[in-house]
Amino acid sequence: MGKSKYDADIIIIGGGAAGLSLAVSLSYLVDLPRILILEVRPKYTNDRTWCFWGKQSLNRHLPISRSWSSWSFSANGKHVTHESEHWHYHHIAAEDFYHFSQSLLRLNPHCLMHMNTKVDKLEASKDGVKVITGDQHFFARQVVDTRPPELTQVTTAPLFQIFYGAEVTTSSPVFNQQIPMLMDRLNDTSLGLTFNYLLPLEENRALIELTAFSPKLFAPETLRPILTKLLRYRFSPHKDWKISREEQAVLPMGMKLSEPDKDSNIILAGMNAGALRPSSGYAFLRIQAWAKKCAEHYRKWSVIPHLDSSSPTQRTMDSLFLDVLSSNETSASNLFIDMADRVNADCFARFMSDNATPLDNLKVINAMPAAPFIKAAVSNLQSAFQRINSRDFYTNKKQF
Ligand SMILES: Cc1cc2nc3c(=O)[nH]c(=O)nc-3n(C[C@H](O)[C@H](O)[C@H](O)COP(=O)(O)OP(=O)(O)OC[C@H]3O[C@@H](n4cnc5c(N)ncnc54)[C@H](O)[C@@H]3O)c2cc1C
């Protein structure tokens with residue numbers, strides 16, 4: 001790539017959601033940087049499903065395969081359905097996103113991608129960063145590191161969203177295509193708060209996941225036999241049904257983030273930089289916003305900035321919500337179903353998509369049970385004062 005001492009202007013480590021989104025956003029710039037993406041996987045598979053809330057019109061540039069204007073919750077015999085005129089719950093299959101991004105990037109002669117390339121080590125100097133893989137090394141002005149967090153960092157989370165899912169195809173139509181069940185049969189169990197997630201992709205195809213919000217970390221495979229039993233029970237009357245794909249995750253909710261060094265040419269991104277919403281485990285939308293902001297910044301200043309993944313208000317709301325959820329003083333299943341009942345579809349969608357207005361935040365607070373909320377608010381205030389006193393502020397990051 002070129003004859004300068006740099007192999008690329010920007011090396012992106014990891015061609016997942018954050019890495020590919022950034023490369024795609026940068027590829028729309030008139031003055032294109034030279035980008036090198038290093039991805040450890042030999043090839044992409046349909047390894048996950050990304051869903052998120054958005055206004056239909058705003059998301060045309062993404063390979064969305066389905067959108068719903070309704071979604072439902074159920075717990076302890078109570079059912080709540082949200083219907084929204086303005087907001088949709090969108091679905092992207094990972095294979096479509098990988099294919100879409102790669103096709104766009106292939107058109108860009110300034111962008112190269114090496115698959116099957118594991119980055120082992122980074123060496124930063126004042127001129128740039130040396131990226132060391134098994135048998136090669138590359139030098140770039142800046143490196144964007146989207147590798148997932150190490151286990152030691154993951155375990156700093158107070159709560160884990162752990163799920164195991166299966167894409168089920170039936171020979172006859174059985175799914176109500178109009179309404180995804182986001183939290184079905186919310187239940188307080190020994191594994192934590194558990195619920196079923198059902199995404200009706202077609203009338204005879206759905207992604208069904210068993211999810212736990214657990215204070216203890218455990219392997220998602222633990223949920224597999226329970227899910228299998230549930231699927232057998234549900235689908236045994238339909239003779240022909242099969243599982244075409246499985247997916248699983250451990251999402252650390254509220255994981256501690258390392259403080260970035262603003263002078264470094266290594267930019268942390270993705271889950272490692274707080275893209276995962278602590279209260280929900282959703283990250284895709286934040287990653288899109290981050291990638292767009294990075295490209296805008298690059299257009300003006302020719303550098304990728306260190307950006308914070310959320311505003312102070314969003315962090316406070318997430319932290320309060322997580323504290324109330326993690327407290328043993330309330331039934332988590334009641335907390336979610338009451339909240340779903342008390343806020344309307346638009347308020348819920350705005351809250352989940354980082355678009356909450358001050359009134360939305362008040363409505364969410366109002367929907368939380370009073371005693372654990374007050375306790376969480378006091379504890380949040382105490383930590384804020386401690387941070388001010390110890391001057392432990394991220395003053396060097398800009399917010400996106
Ligand atoms: C199964 C699943 C379902 C999810 N569903 C949703 C959802 O519906 N909505 C939502 O908002 N969020 C969802 N998430 C959470 C979040 O959006 C995803 O985890 C998202 O992929 C995070 O993006 P990322 O770029 O940080 O990480 P990744 O997409 O995991 O990308 C990291 C990349 O780095 C590569 N890599 C790792 N180590 C190295 C190395 N040493 N050298 C080179 N490359 C390396 C990996 O192979 C990977 O491609 C889901 C997560 C999972 C796991």
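Side chains are part of it too, since the values below use all heavy atoms of this structure and drop only hydrogens, waters and symmetry mates. For the single chain, residues carry numbers from 1 onward in sequence order. Just so you know, these numbers come straight off a predicted model, no measurement behind them. Each ligand, and each atom within it, is numbered from 1 in the order the structure gives.
Residue contact check for ligand 1: P148 places a non-hydrogen atom closer than 4.0 Å to it.
What sits closest to atom 51 (C) of ligand 1 on the protein, heavy atoms only, is L251 CD2, 3.9 Å. Nearest protein heavy-atom neighbour of atom 34 (O) of ligand 1: G14 CA, 3.3 Å. The nearest heavy-atom contact from the protein to atom 25 (O) of ligand 1 is A18 N, 2.8 Å. Closest protein heavy atom to atom 35 (C) of ligand 1: E39 OE1, 3.4 Å. Of all protein heavy atoms, the one closest to atom 16 (C) of ligand 1 is A283 CB, 3.6 Å. Ranking the protein heavy atoms by distance from atom 6 (C) of ligand 1 puts T49 O, 3.5 Å first. In terms of protein heavy-atom proximity, atom 38 (N) of ligand 1 is closest to R147 CG, 3.5 Å. Among protein heavy atoms, the minimum distance from atom 17 (O) of ligand 1 is reached at W50 NE1, 3.2 Å.
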task: Could you walk me through whether D346 and S84 pass side chain to side chain donor-acceptor pair (under 3.5 Å), step by step?
output: CA-CA 6 Å; D346 285 2; S84 174; 2.5 Å; yes
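By the criterion of side-chain heavy atoms lying less than 4.5 angstrom apart, applied directly or through intervening Ile, Leu, Val, Met, Phe, Trp or Tyr residues, V303 is not grouped with W290; the two fall into different hydrophobic clusters.
By the neighbour-count criterion of 12 heavy atoms within 6.0 Å, atom NZ of K216 is sparsely surrounded, having that number or fewer from other residues, nucleotides or ligands.
Remark: ligand 1 atoms within the under-4.0 Å shell around heavy atoms of G270 are 26 (O). Close approach of ligand 1 to L38 (heavy-atom distance below 4.0 Å) involves ligand atoms 43 (C), 44 (N). Within ligand 1, counting atoms from 1 as listed, the ones closer than 4.0 Å to a heavy atom of F163 are 1 (C), 2 (C), 3 (C). Each of the following atoms of ligand 1 lies closer than 4.0 Å to a heavy atom of C51: 7 (C), 8 (O), 9 (N), 10 (C), 11 (O). Numbered from 1 in the order shown, with element, the atoms of ligand 1 that lie under 4.0 Å from a heavy atom of T117 read 42 (N), 43 (C).
The part of I287 lying near ligand 1 is the side chain, judged by heavy-atom distances below 4.0 Å. Residue Q248 touches ligand 1 through its backbone alone, judged by heavy-atom distances below 4.0 Å. With a 4.0 Å heavy-atom cut-off, ligand 1 is reached by no atom of N272. Both the backbone and the side chain of K118 come within 4.0 Å of ligand 1, counting heavy atoms alone. Counting heavy atoms closer than 4.0 Å to ligand 1, residue A269 contributes nothing at all. At a 4.0 Å heavy-atom cut-off, ligand 1 does not touch F52 at all.
When atom types are taken as modelled, the side chain of T156 and the backbone of K256 share a donor-acceptor pair closer than 3.5 angstrom. A donor-acceptor pair under 3.5 Å is formed between the side chain of D188 and the backbone N or O of S333.
For R277 and F351, the positive end sits near the middle of the six-membered ring, less than 6.0 Å away and at most 45° from its axis.
When each of L199, D96, I64, L207 is paired with H91, the side chain to side chain contact (heavy atoms under 4.5 Å, CB included) condition holds for L199 and for no other.
Of the listed options I13, T146, D47, T146 places a heavy atom closest to atom 27 (O) of ligand 1. Looking at L199, V119, I37 and measuring to atom 42 (N) of ligand 1, the nearest heavy atom belongs to V119.
W71 and Y89 have tilted rings, their planes meeting at an angle from 30° to 60° on a 0 to 90° scale. Using cut-offs of 30° and 60° for the angle between ring planes, the W241 and F235 rings count as tilted. In this structure, W53 and F348 have perpendicular ring planes: the angle between them is above 60°, well past the 30° mark.
Taking 4.0 Å as the cut-off between side-chain N and carboxylate O, R66 and E202 do not count as a salt-bridged pair.
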